[in-house]
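Everything numeric in this text was worked out from a predicted model, so none of it was measured.
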Amino acid sequence: MKPAFGNRSRNSTSSRAGGGFGEGLARWTRRFIAGAILMTFVLIGGTATRVWQVARIDDTTPADAIVVLGAAQYSGTPSSVFEARLEQAYKLYKRGVAPQIITVGGKQEGDEYTEAASGKMYLSDRGIPSSAITAVETGSDTLLSIDAVSSEMASQGINSAVLVSDPWHSLRTRTMARDTGLEAWTAPTRQGPAVFTRESQLHGIARETGALLWYQLTHFSADFPYTAGQ
């Protein structure tokens, strides 16, 4: 009888040991998942806060050029989003922030004009000399546009730029520009659909938070659809 009792004791001990290992593994798995979720929320929240903080910066330090990021245009007429950016560039130029403006942006299929060309026409109509405006007519997203501007500025032997876009776009454009080697800071527009309503502001922050995280993770662009109005 004793040997049988001893076998039951060893089996019970083995079962408890196996159960303890399984319970411990499950407990550490739960902790790992909870920690990963917490870190994800911290990362997203921190990035959104930085997007909001940089959106509030209006740095008009003199530079070699004022760079206007393109947006939609219709047969040469800038959309309301693009017009707001161009008006900001016009004001900065008139204040003497930089001796030239660079407009940038290609065109969608079927378009007659590029974003850069329509921007240059708009500024020329506002009285800025054509010789003071360079249209970089390439770039279908932010990253390609910044790369094109960087190449153009390098060919001119200049390196510092004030970037003009919507407030929420500022951090990502500045990050990309600095990654290309440009000395860049931001003076975004304070008018237009991107800042009209609380809904458009929250949408802009969420959009740029996701796009910036994607860029920092992959160094590829991610221009998510913009729905604030054109």
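- Shown here is Q191, whose CD atom has more than 12 heavy atoms of other residues, nucleotides or ligands within 6.0 Å.
- Side-chain contact between M153 and N159 is absent, with no heavy atoms from C-beta onward closer than 4.5 Å.
- In this structure, S118 and T77 have side chains that are not in contact, with every pair of non-hydrogen atoms separated by 4.5 Å or more.
- Within the 4.5 Å cutoff, the side chain of L213 has heavy atoms near those of the I44 side chain.
- The other members of the hydrophobic cluster of Y113, by chain and number, are M121 (side-chain heavy atoms under 4.5 Å, ILVMFWY only).
- Listed here is the closest heavy atom pair of A148 and T138: CB-OG1, 3.3 Å.
- Taking all atoms of both residues into account, the shortest heavy-atom contact from W185 to A63 is CZ2-CB, 3.6 Å.
- Between the side chains of E137 and T114, at least one donor N or O lies within less than 3.5 Å of an accepting N or O.
- Residues Y215 and L143 have side chains in contact (heavy-atom distance under 4.5 Å, counting atoms from C-beta outward).
- In this structure, L69 is a member of the same hydrophobic cluster as I158, with clusters built from ILVMFWY side-chain heavy atoms closer than 4.5 Å.
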Side chains of residues 94-102: which donor-acceptor partners sit under 3.5 Å, not counting sequence neighbours?
| residue | atom | partner | partner atom | Å |
| --- | --- | --- | --- | --- |
| Q100 | OE1 | T134 | OG1 | 3.1 |
| Q100 | NE2 | Q156 | OE1 | 2.6 |

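- Within the 4.5 Å cutoff, the side chain of R126 has heavy atoms near those of the E87 side chain.
- You'll find the side chain of I128 reaches within 4.5 Å of the side chain of I133, heavy atoms only.
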Counting only pairs under 3.5 Å, give me each side-chain donor-acceptor contact of residues 50-57, with atom names and distances, residues two or more places apart or in other chains.
| residue | atom | partner | partner atom | Å |
| --- | --- | --- | --- | --- |
| R50 | NH1 | Q53 | OE1 | 3.1 |

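- The two residues K120 and A135 have their closest heavy-atom pair at CD-CB, 4.1 Å.
- Taking every heavy atom of both residues into account, T209 and I205 meet most closely at OG1-O, 2.7 Å.
- Side-chain atoms of E115 and K107, non-hydrogen and from C-beta on, never get closer than 4.5 Å to each other.
- Q88 is listed as a side-chain neighbour of D58, based on a closest heavy-atom distance under 4.5 Å.
- The CG atom of L163 sits 11.5 Å away from the CZ atom of R85 when rounded to the nearest 0.5 Å.
- Smallest separation of non-hydrogen atoms from S150 and T180: OG-OG1, 3.4 Å.
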